[in-house]
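Note sheet for the following structure.
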Amino acid sequence: MAKTIYHVSKREEDEREWKVFIQGSSKVIKLFRTQKEALDYALKLCENKDDGSTVMLHGLDGKIRKY
């Protein structure tokens, strides 16, 4: 089974919220007011899957900040 890669990035539509989504999918899993809330949620998803899943954190400019 392949590991899941979760992305945390600023929402493009209004840039006021942070989104969590799975790589390769356009569907947003959940929206958050802060980057920290979104990152914590994505890390929890990885922990629950227990299959080596990871998080890619994007900065305000959209570039990957932490992998």
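All residue numbers refer to positions in the sequence shown, counting from 1.
Distance check, rounded to the nearest 0.5 Å: CG of L57 to OG of S9 gives 9.0 Å. Note that CZ of R65 and CE of M56 are 14.5 Å apart. Values are rounded to the nearest 0.5 Å. Put simply, CG on L45 and CG on D40 are 11.0 Å apart, with the number rounded to the nearest 0.5 Å. We find the CD-CD distance between E37 and E17 to be 10.5 Å, quoted to the nearest 0.5 Å.
Side chains of E12 and K19 form a contact here, defined as non-hydrogen atoms less than 4.5 Å apart. Between W18 and R11 the shortest side-chain heavy-atom distance does not fall below 4.5 Å. The side-chain heavy atoms of I22 and Y6, taken from C-beta on, include a pair separated by under 4.5 Å.
L31 and L60 end up in different hydrophobic clusters when Ile, Leu, Val, Met, Phe, Trp and Tyr side chains are linked at under 4.5 Å.
Relative orientation of the H58 and F21 rings is parallel, given thresholds of 30° and 60° on the angle between their planes.
For D50, the CG atom sits in a loose shell: 12 or fewer heavy atoms of surrounding residues, nucleotides or ligands are nearer than 6.0 Å.
In this structure, S53 contributes its side chain and C46 its backbone to no donor-acceptor pair below 3.5 Å.
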